[in-house]
Structures are given as structure tokens and as C-alpha cells.
Trainee: 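Dropping the structure in here first, questions after.
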Amino acid sequence: MIRGSFMISKPPGVEDIFPDKIDRWNFVLQSAFSVFQSYNYREIIVPVMEFTEVFARGIGTETDIVSKEMFTFEDRGGRSLTLRPEGTAGVVRAYVENGEYNRLSICKFFYCGPMFRAEKPQRGRLRQFNQFGAEVFGSFDPYYDYEIISMVNDISHKVGIDSFKILINSIGCRSCRSEYIIKLRDYYKSNHDKLCKDCQRRLETNPLRLLDCKNESCSSLKVNAPAIRDFICNDCKGHFEKVKEYLDLGNIAYTEDPYLVRGLDYYTKTTFEFVTDKLGGQNAFAGGGRYDYLVEQFGGKPTPGVGFAAGIERINLLIEDRPIDAKGTDVFFIHTGGQSFMESVALIRKLRLLGISCDVDPEVKGFKSQFKRAERENARFAVIIGEDEVQSREATVKDQKTGQQEKVPFEKLSDFIKNNK
RNA sequence: GUGACUGUAGUUCAAUGGCAGAGCUCUGGAUUGUGGUUCCAGCCGUUGCGGGUUCGAGUCCCGUCAGUCACCCCA
């Protein structure tokens, strides 16, 4: 901080991302995009801001996300707006609002962008964070559950995440799940006194989450708790078996976790999470599942769906030791000022118009500092336009990798760079 | 949101309550116009911020802000 000035700082839990981190960022996004393309998914861009109703109805008013983690404010007309805490609800709203289900029987989308949750920040847990994700609309087929999981698996390998586990579960459909929840609630009610305070509240608000509690006395009750797999209907059971069959076929290893319960109410049947032990408490870097009633909840024609979202910052943390090629400029010009600089500027303009990346320091400095700068800019070539070169109309081109240099006439410079870079 | 810990130069870290320092980075130089290694020199601070105790506070106390970790939750 400069003395006498006052610091304007960023709000907690948001990040500035400088160029040295952008190479890794782009590598992750490009890897994801190329996998999306290989599965024939197409990009959709939806607003980061929606009417609060979109998330309240979509995600569920009793969830942690909606009840305490949303950035919500009023517009000037007094309508309640919210910065999106996740991507699916907005995509579903757009799908329904534009009547997309009338066009194609199956729609496959991917998206990426910032999400916002008012949580207490921690490493790998930000208030503004970025996700990419995908959604499929229009099919009950378990093939698509597999396709989504397979796609996340491919992206994870492609970006170089060393060790991760895929947890999968089925939480049933509308009918069998509610039957299960009644049984679950009965079981825990009879053990009400052994539950921690949080769980006594969960018993009313979100009984599925009882299975998630790490409190010792609560988790010991889990052993004898009714398990969802004993309650799901034949349809859900068959669906889950088929998903696993596809995963086996694709040689994709997974771990069944009968207690995997996700914090969004819209899921049905398949849920999954990609987890790692390298992110502390933030162990999931991707997650998703099926949501067969969400579209009709938004007033659309009943249309099933399945999707996932992955956290870009968390993925970056997982691969931060992995070297990424840093892109530098093609040519850094070295000059001695005056006419030498004027010739350089003219040549730079020509090369740039031909798509060759050039840079130069306009100040007159020693060769030593200019070469240092060329090094730092990761230049492929250093081109010297000094007094001798202006006289002979030949540039001295130094290959920064080999250290070799040669004379190249001004008019042949662009061809030389193009052919050798 | 609850609890614990941390906060010193651009950065990584030192400094029994007694003159705020080092490595790296950065800038310049080591005989005419050549980077990465080496050597020399230089720049960089109201010790996160605000109070208090003290002859004296980077150090102790209170508050505040931010970060980290755990809980919670999830990407």
C-alpha cells in the first residue's frame, strides 16, 4: 500500500485472477470444452441474475443454499433478485421459458460462469466461484446418467487430476422416496434424544441429511437406519442397475455410497459426486444427478433431466503443481532509440497485421535490460534493430531457445518468423 | 453462521517488551550492441487497521478487518 493513500479492498471470498494463473485456467476450460464437443453438447449462456423465485422453487426453500447462502436484493421496482448460487435452475428456467422442449426431443447443453454463495470463505470455498456444467433434457434413459458421469470422468483425467473417487447413489423417485422418508423419520424420532441439536432440526426440515451427520452418536444410529436401497421401487432400482452397467462397460470405477445425499431438493434417482482427499473439507470438485420433475415444476411440459457441475477453482487447486505451457510473445524487438526505434515500430506494425505477436520497450535502455525483458516475456525470438541494421536493412534475429542468431532482410522478416516459430 | 489460529518490504520468512532484518523478485552496473549462471550496488515498511497497558509495543491486552483450519455445507 502507498503511504498516505487508503486501501480499497475486495469483498471477502472473491478473487482477482492475474495473467500468470490464466494459462492454467484456460487449459482447464479448453479441456472441458473439447470433451463437451466430443459428446455433442452445445453451449448455453444464461443470466447470472434471476428472480429469487427461480432458485427458491428450483432448489428448495429448506435447503442450506436457499435458506442462508443466497445474495438476494431488490431491484428498483421492489422485485426480489438473486445472484445465481448454481447453474441448473437458470438453465431449466430458460429451457421452459423458450419452449425448447417443442424443438428437439433431446437437448444437450453445457455452460460455464460465476456462481455466488454467501458462505464463510475458506480455501476452495469462495463467495464468487466458477463452474462449468452440463444438462440433458428429455430422456428418462439411464444412458444419459452414464453419459454425464462419463463426461466428468473424461474431463478429470484430461486435466490431470491424479486421484479421485466417484461416489454414486440412488435416492429414488417421488413416490418411493417419500415412503422412505416416512420410515426414516419414524426411526430417528424413536431415537430423538440421542440426536445432536442440528439433527433434531433436520428431522423436520430435511430428514435425508440425518444420514450425513458426522456427530458420533448420530452416525452410530445410521448403522440400523433404514437404507434407501431397501425402499426404492423396481423402476428406480432397475434404472440404477443400468447406470452401473454402463459405467462397468466403460471401465469407469465408482463407489456406491448409500448415504450420499445432496443439498439440493430437485434430485431424483441417480446422484453422484467426484471427491478427492486433497481439498480438506471441500472434498467434492464435481457433482450432479438426475432431476425428473424440475421442468414441470417450472411450468414446462413434464420433461426429465440429468446434469452436473464442476468447480473450476477447486480443479485448479488439484492441478496447481502440474506445469502448464506459458504462452509468450513471438518477437521482442531490441532497439537503440531514434531512427532505430522508428524502424522497429514500422516493422512491428507489419508483423502484427500478419498475426505475429510482437512487443517492444519504447524507452531507450541497454541491450542487457532489453534482453532480460525478452526473456521474461517468454519471447520466441529477439529481433535487434540497431544502427548497423538500419544501415544494412537487415535485422539481427536471435533464436531465444538455441541462442543462435542470423541476419534477415527487413522484407523477409515476417516469412522468417512464420517459418521458424 | 459458530469456534480456533494467523497477520512484518512486491513475495517467502526473521527479530528476550529495547535502533525493524534476510533470501527471492525488482532497478542499475561488472570497458563500445546480447537474456538465463556468478559478483557488486540500489529501491522497497507509519509491522492489516483502531484503541489501551508501559519510560518504551512488531512483541502484552481489547476491538475491528482479512486470511487459514475445523464445524456446517458443497463446486
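Any value given below was found using the heavy atoms of this structure, including those in side chains, with hydrogens, waters and symmetry copies removed. Treat the numbers as computed from the prediction; the structure is a model and nothing was measured. Every chain is numbered from 1 and lettered A, B, ... according to where its sequence line falls, protein lines coming before strand lines.
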Trainee: From C-beta outward on A:Thr396, which listed nucleotide comes closest to its side chain: B:rU34, B:rC72, B:rU2?
Mentor: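 Closest nucleotide to the A:Thr396 side chain: B:rU34.
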
Trainee: Any chance you could lay out the side chain to side chain donor-acceptor pair (under 3.5 Å) test for A:Ser34 and A:Lys158, step after step, and finish with the verdict?
Mentor: CA-CA 10 Å; A:Ser34 77; A:Lys158 189 151 190 163; 3.0 Å; yes

Trainee: Quote, to the nearest angstrom, the P distance that separates B:rA66 from B:rG48.
Mentor: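 Looking at atom P only, B:rA66 and B:rG48 are 16 Å apart.
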
Trainee: C1' atom, B:rG67 versus B:rU46: distance in rounded Å?
Mentor: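 It works out to 23 Å between them.
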
Trainee: May I ask which nucleotide in the shown strands pairs with B:rG35, Watson-Crick or G-U wobble, both distances under 3.5 Å?
Mentor: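 Across all strands, not a single nucleotide pairs with B:rG35.
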
Trainee: Select from A:Leu264 and A:Lys10 the residue whose nearest nucleotide in RNA chain B is closer to the 5' end of that strand.
Mentor: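 Of the two residues, A:Lys10 wins.
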
Trainee: Can you tell me if A:Arg376 touches the phosphate of B:rU27, counting only side-chain N or O atoms and a distance under 4.0 Å to OP1 or OP2?
Mentor: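 Looking at the OP1 and OP2 atoms of B:rU27, one of them is under 4.0 Å from a side-chain N or O of A:Arg376.
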
Trainee: For A:Leu126, answer base if it contacts any base atom (sugar-phosphate contacts may also be present), sugar-phosphate if it contacts only those atoms, and nothing otherwise; contact means non-hydrogen atoms under 4.0 Å.
Mentor: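 Since a base atom lies under 4.0 Å of A:Leu126, the category is base.
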
Trainee: Is the A:Phe110 to A:Tyr41 ring centre distance short of 6.0 Å?
Mentor: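 Judged by ring-centre distance (under 6.0 Å), A:Phe110 and A:Tyr41 do not meet the cut-off.
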
Trainee: What is the distance, rounded to the nearest whole Å, between atom CZ of A:Arg125 and atom P of B:rG1?
Mentor: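 Spelled out: CZ on A:Arg125 to P on B:rG1 is 11 Å.
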
Trainee: Between B:rA30 and B:rA20, how far is it from one C1' atom to the other, in whole Å?
Mentor: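 Comparing C1' positions in B:rA30 and B:rA20 gives a spacing of 32 Å.
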
Trainee: State, without any angle test, whether A:Thr329 and A:Glu377 hold a side-chain donor-acceptor pair at a distance under 3.5 Å.
Mentor: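 The answer is no; no qualifying pair exists.
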
Trainee: Considering every strand shown, what is the Watson-Crick or G-U wobble mate of B:rA41 when both distances are under 3.5 Å?
Mentor: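 Partner of B:rA41: B:rU27.
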
Trainee: What is the distance from CD of A:Gln404 to C1' of B:rU34, rounded to the nearest Å?
Mentor: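 These atoms are roughly 15 Å apart.
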
Trainee: Looking across every strand, which nucleic acid part, if any, lies under 4.0 Å from A:Gly403 by heavy atom: base, sugar-phosphate, or nothing?
Mentor: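 Base contact.
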
Trainee: Looking for any heavy atom pair under 4.0 Å, which part of the strands does A:Gly287 touch: base, sugar-phosphate only, or nothing?
Mentor: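 Answer is sugar-phosphate: A:Gly287 comes under 4.0 Å of backbone atoms only.
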
Trainee: When you check the phosphate oxygens OP1 and OP2 of B:rA70, does a side-chain N or O of A:Gln122 lie under 4.0 Å from one of them?
Mentor: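 Yes, within the criterion.
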
Trainee: Which nucleotide, in any strand shown, forms a Watson-Crick or G-U wobble pair with B:rC19, with both distances under 3.5 Å?
Mentor: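 When the pairing criteria are applied, nothing turns out to pair with B:rC19, so the answer is none.
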
Trainee: To the nearest Å, how far apart are A:Lys398 NZ and B:rG35 C1'?
Mentor: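 Interatomic distance, NZ of A:Lys398 to C1' of B:rG35: 6 Å.
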
Trainee: Please give, in whole Å, the distance from B:rG33 C1' to A:His335 NE2?
Mentor: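 These atoms are roughly 13 Å apart.
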
Trainee: Could you state the CG-P distance from A:Leu279 to B:rC72, rounded to the nearest angstrom?
Mentor: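 In whole Å, B:rC72 P lies 17 Å from A:Leu279 CG.
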
Trainee: So is the aromatic ring of A:Phe367 stacked onto the base of B:rU34, judging by whether the centres are under 5.5 Å apart and the planes are under 30° apart?
Mentor: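 Here A:Phe367 fails the 5.5 Å or the 30° condition.
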
Trainee: Touch check for A:Gln400, heavy atoms < 4.0 angstrom, all strands: base, sugar-phosphate only, or nothing?
Mentor: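 Base contact.
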
Trainee: Under 4.0 Å, counting only non-hydrogen atoms across every strand here, what does A:Asn283 touch: a base, just sugar-phosphate, or nothing?
Mentor: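 Contact class for A:Asn283: base.
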
Trainee: Tell me the partner of B:rG63, counting only Watson-Crick (N1-N3 plus N6-O4 or O6-N4) or G-U wobble (N1-O2 and O6-N3) with both under 3.5 Å; none if nothing fits.
Mentor: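 B:rG63 is paired with B:rC49.
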
Trainee: On a plain distance test, is the side chain of A:Gln405 in donor-acceptor contact with the base of B:rU34 below 3.5 Å?
Mentor: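 Yes.
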
Trainee: Decide whether a cation-pi geometry holds between A:Arg79 and A:Phe51; the criteria are a distance under 6.0 Å from NZ or CZ to the six-membered ring centre and an angle within 45° of the ring axis.
Mentor: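 Verdict for A:Phe51: a cation-pi partner in A:Arg79.
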
Trainee: Under 4.0 angstrom, heavy atoms only, what part of the nucleic acid is A:Gly124 near: base, sugar-phosphate, or nothing?
Mentor: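 Contact class for A:Gly124: base.
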
Trainee: Heavy-atom count check: over 12 atoms from other residues, nucleotides or ligands less than 6.0 Å from A:Lys165 NZ?
Mentor: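 Counting other residues, nucleotides and ligands, NZ of A:Lys165 stays at 12 neighbours or fewer.
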
Trainee: P atom, B:rU38 versus B:rC43: distance in rounded Å?
Mentor: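 Looking at atom P only, B:rU38 and B:rC43 are 22 Å apart.
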
Trainee: Taking CG from A:Asp20 and P from B:rG10, how many angstroms apart are they, rounded to a whole number?
Mentor: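 One finds 17 Å between P of B:rG10 and CG of A:Asp20, rounded.
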
Trainee: Between B:rG36 and B:rU47, how far apart are the C1' atoms? Round to whole Å, please.
Mentor: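 After rounding to an integer number of Å, I get 36 Å for this pair.
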
Trainee: Which part of the nucleic acid, if any, lies within reach of A:Glu86 when heavy atoms closer than 4.0 Å are counted: base, sugar-phosphate only, or nothing?
Mentor: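 Nothing: the residue A:Glu86, judged by heavy atoms under 4.0 Å, touches no strand.
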
Trainee: Could you work out the separation of B:rG45 and B:rC55 based on their P atoms and round it to a whole Å?
Mentor: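 Each nucleotide's P atom is 31 Å from the other's.
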
Trainee: How is A:Thr336 classified with respect to the nucleic acid when contacts are heavy atoms under 4.0 Å: base, sugar-phosphate, or nothing?
Mentor: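 Contact class for A:Thr336: none.
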
Trainee: For nucleotides B:rC65 and B:rG50, find the distance between their C1' atoms and express it as a whole number of Å.
Mentor: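 Straight-line distance between the two C1' atoms is 10 Å.
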
Trainee: Which part of the nucleic acid does A:Ala374 contact within heavy-atom distance under 4.0 Å: base, sugar-phosphate only, or nothing?
Mentor: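 No contact.
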
Trainee: Does B:rG3 pair with anything, Watson-Crick or G-U wobble, both distances under 3.5 Å, and if so, with which nucleotide?
Mentor: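 Pairing partner, where one exists within any strand: B:rC69.
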
Trainee: Please compare A:Arg123 and A:Gly288 by the position of their nearest nucleotide in RNA chain B and report the one closer to 5'.
Mentor: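 The answer here is A:Arg123.
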
Trainee: Choose from B:rC69, B:rC73, B:rG35 the nucleotide whose nearest atom is closest to any side-chain atom of A:Glu119.
Mentor: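 Nucleotide nearest to A:Glu119's side chain: B:rC73.
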
Trainee: When you compare B:rG63 with B:rG3, how far apart are their P atoms, in angstrom units rounded to a whole number?
Mentor: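 It works out to 12 Å between them.
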
Trainee: For a quick check of understanding: with a heavy-atom distance under 4.0 Å over all strands, which category does A:Gly87 fall into, base, sugar-phosphate or nothing?
Mentor: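 No contact.
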
Trainee: Describe, in one word, how the ring planes of A:Phe341 and A:His335 are oriented to each other, choosing from parallel (under 30°), tilted (30 to 60°) and perpendicular (over 60°).
Mentor: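 Ring orientation of A:Phe341 relative to A:His335: tilted.
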
Trainee: Of the options B:rC73, B:rU34, B:rC69, whose atoms approach the side-chain atoms of A:Ile384 most closely?
Mentor: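 Taking heavy atoms from C-beta onward, the closest nucleotide is B:rU34.
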
Trainee: Please state whether the base of B:rG1 and the side chain of A:Glu69 form at least one donor-acceptor pair under 3.5 Å?
Mentor: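 Not at all, since no donor on one side and acceptor on the other fall under 3.5 Å apart.
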
Trainee: Classify the ring geometry between A:Phe164 and A:Phe285 as parallel (under 30°), tilted (30 to 60°) or perpendicular (over 60°).
Mentor: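 Aromatic pair A:Phe164/A:Phe285 classed perpendicular.
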
Trainee: Assign the ring pair A:Phe367 / A:Phe371 to parallel, tilted or perpendicular, where the plane angle (0 to 90°) is split at 30° and 60°.
Mentor: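 Tilted: the ring planes of A:Phe367 and A:Phe371 meet at 30° to 60°.
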
Trainee: How many Å lie between CZ on A:Phe371 and P on B:rU37, as a whole number?
Mentor: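 Rounding to the nearest Å, CZ of A:Phe371 and P of B:rU37 are 16 Å apart.
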
Trainee: Evaluate the ring planes of A:Tyr291 and A:Tyr266, with Trp represented by its six-membered ring, and classify them as parallel (under 30°), tilted (30 to 60°) or perpendicular (over 60°).
Mentor: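 Perpendicular, since the angle between the ring planes exceeds 60°.
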
Trainee: Under 4.0 Å between any heavy atoms, over every strand shown, what does A:Gln128 touch: base, sugar-phosphate, or nothing? Just pick one.
Mentor: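 Result for A:Gln128 = nothing.
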
Trainee: Please give, in whole Å, the distance from B:rG36 C1' to A:Lys368 NZ?
Mentor: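 Value for this atom pair: 11 Å.
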
